[in-house]
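A quick note: this is a predicted structure, and the numbers were derived from the prediction, not measured. Order of the sequence lines sets the chain letters (A, B, ...), proteins ahead of strands, with each chain counted from 1.
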Amino acid sequence: MNTPQHVLVVGASAAGLSTAEALRRKGFDGRLTLVGAESELPYDRPPLSKQVLSGAWDTTRAQLRPKEALDALAAEFVLGDPAVELDADGRRVRTASGLRVTADAIVIATGLKARELPDQAGMSGVHVIRTVGDAVRLRSALLKTERVVVVGDGVLGAETASTARSMGLEVCLVGPQPAPMTEQLGPLVADHLADLHRRHGVCLHSGVLLEGLVSRDGAVTGVRLSDGEDLPADVVVAAVGGLPATDWLADSGLRLDDGIVCDEHCRAAEGVWAVGDVARWHHQGLGRLLRLENRTNASEQALAVAADILGENRPYLPVPYFWTDQFDVKLQAYGLPSADSQAQIVEGDPGESRFVVRHNGPRGPMGVLGWKMPRQARLHRASIVDQYTRPPEPATP
Amino acid sequence: MKITVDEEKCCGAGQCVLIAPEVFDQRDDDGIVVLLEAEPAAEHQDVVRESASVCPAAAIHLDEKA
Ligand SMILES: Cc1cc2nc3c(=O)[nH]c(=O)nc-3n(C[C@H](O)[C@H](O)[C@H](O)COP(=O)(O)OP(=O)(O)OC[C@H]3O[C@@H](n4cnc5c(N)ncnc54)[C@H](O)[C@@H]3O)c2cc1C
Ligand code: SF4
């Protein structure tokens, strides 16, 4: 493909902005347009459940880039105006305000929308946390209350529980797994995490489902659990995952299946790419479709997409990676755990609360987790790289 | 080019070290970034720009005019 004259990026957050930056860094000097639904200058989400929620940072500190750096991109920013329609063949996007933008290359970086609880509509006191507005609203609610229940035991729920507890609230964390984040961390490290939360006074309700919200006069008063228990709360946080923001693509002709389905180059169609939380691309090293919801992927995949737009033609083969901060623990997670892998301590000592665990699968090491050992975990990452970057051998007939 | 890092923003991800080990390292105890070369040599500047862009905490600032 020839180098495009005009690149349009839809979604102006981590993945979208990184794509624009990478294009410029690689020498693209054509027209560049970013269309974003939010009216704020691009900001970062990881601090929302950490420093912004705790009040350690004001919201401007979560901005991804200072204004001057955005200006230096020489891009046209159309903010606060969501795209509502894509014509993939014509490479044309229409926005809510009626703007029509045609480009040679379109990059979709619309991320996720927070999933809500089925009975939460119209009820006050129930919060999600995906946008800066959500974080600010939740913070002001937490400052006025004593009891919060966090529903959802994935990374966002566990992190929100830790921040709320550190603010001095009574916190219950509810979820279906045997321990928070078992799916992402494996049982050994998840048990450690459960201990950490208990030691800091979080009340854990693990292995239970939410039966429903309890309310009076339209305000939430607690939650009912599948084991019959009622937990009182003035504030409930729904941290039950996100849904790829693809509703606006319903008539685009793109293949949508838990995200935008892409090939190994993150191409969704001729001249159309997807990047970040919304992209489900073919990871050649794993030999399957993969969609990652983490911050590091947003910028790494952005680099790959920018390179592909400019004709470098290399498949995107990352080692998945995320981090989370809970209480005084920094957790780093490289690779993907699998149900049949064995955990092995490769550095440090769980008894001393600093260690690195490797998950060994049938094909070899697949994951490395660091508990308060970020640097050492990164060094052990080398032992799993091959599993992700070497395309699987073709099956012998 | 002059690099500054915001230690308070850095989340210890180490992406910068993977990309530009000549310029960045991490502290042993908490993984926070350590700047080895605040004014990197010309041959390292491209990877430094890549590190700044990939840093998931937006903690690396570059002054291209310095
Ligand atoms: C509270 C919180 C804490 C997190 N903490 C961590 C962490 O510790 N570590 C980690 O690795 N990851 C973390 N993540 C995940 C990380 O933030 C995401 O992976 C990252 O934000 C993905 O970037 P993205 O640009 O793909 O999507 P998003 O950040 O979701 O951005 C998508 C953008 O597109 C816009 N948009 C949506 N629809 C349209 C439309 N139709 N037209 C125009 N624009 C549109 C949205 O408004 C948004 O601005 C966290 C996420 C949250 C919410
Ligand atoms: S990439 Fe950014 S967050 Fe990670 S260690 Fe380097 S400076 Fe810190």
Peer 1: Can you tell me which portion of A:Y43 sits under 4.5 Å from chain B's heavy atoms? Options are side chain, backbone, both or neither.
Peer 2: neither
Peer 1: What part of A:K372 is in contact with chain B, defined as an atom under 4.5 angstrom from a non-hydrogen atom: side chain, backbone, both or neither?
Peer 2: backbone
Peer 1: I need the single residue from A:R295, A:R130, A:R291, A:R45 that forms a salt bridge (charged side-chain N to carboxylate O under 4.0 Å, His left out) with A:D277. Which is it?
Peer 2: A:R130
Peer 1: Shorter than 4.5 Å, heavy atoms on both sides: which option in B:A58, B:A13, B:G12, B:P56 has the most such pairs with chain A?
Peer 2: B:P56
Peer 1: Using a cut-off of under 4.5 Å for heavy-atom pairs, which of B:V54, B:V17, B:D28, B:D29 has the most such pairs with chain A?
Peer 2: B:D28
Peer 1: For the side chain of A:H265 and the backbone of A:N313, is there at least one donor-acceptor N/O pair under 3.5 Å apart?
Peer 2: no
Peer 1: Heavy-atom pairs under 4.5 Å with chain B: which of A:R354, A:R61, A:R381 has the most?
Peer 2: A:R61
Peer 1: Given that the side chain runs from C-beta out, which part of A:Q63 has a heavy atom under 4.5 Å from chain B: side chain, backbone, both or neither?
Peer 2: backbone
Peer 1: Any non-hydrogen side-chain atom of A:F28 less than 4.5 Å from a side-chain atom of A:I309?
Peer 2: no
Peer 1: Highest number of heavy-atom pairs under 4.5 Å with chain B: which of A:R65, A:E21, A:R25?
Peer 2: A:R25
Peer 1: If you look at every heavy atom in B:F24 and B:V5, which pair is closest and at what distance?
Peer 2: CE2-CG1, 4.2 Å
Peer 1: Taking the side chain as everything from C-beta on, heavy atoms only, tell me whether A:E300 gets closer than 4.5 Å to A:L303.
Peer 2: no
Peer 1: Can you tell me which of B:S53, B:G14, B:G31 forms the most heavy-atom pairs within a distance under 4.5 Å of chain A?
Peer 2: B:S53
Peer 1: Any carboxylate oxygen within less than 4.0 angstrom of a Lys/Arg side-chain nitrogen, looking at A:R378 and B:D25?
Peer 2: yes
Peer 1: Is the closest side-chain heavy-atom distance between B:K9 and A:Q51 below 4.5 Å?
Peer 2: no
Peer 1: Which region of A:Y321, side chain (C-beta onward) or backbone (N, CA, C, O), has a non-hydrogen atom less than 4.5 Å from a non-hydrogen atom of chain B, or is it both or neither?
Peer 2: side chain
Peer 1: Could you check which of B:D6, B:L18, B:I32 has the highest count of heavy-atom pairs closer than 4.5 Å to chain A?
Peer 2: B:L18
Peer 1: Using non-hydrogen atoms and a 4.5 Å limit, figure out which bit of B:A52 sits close to chain A: side chain, backbone, both or neither.
Peer 2: backbone
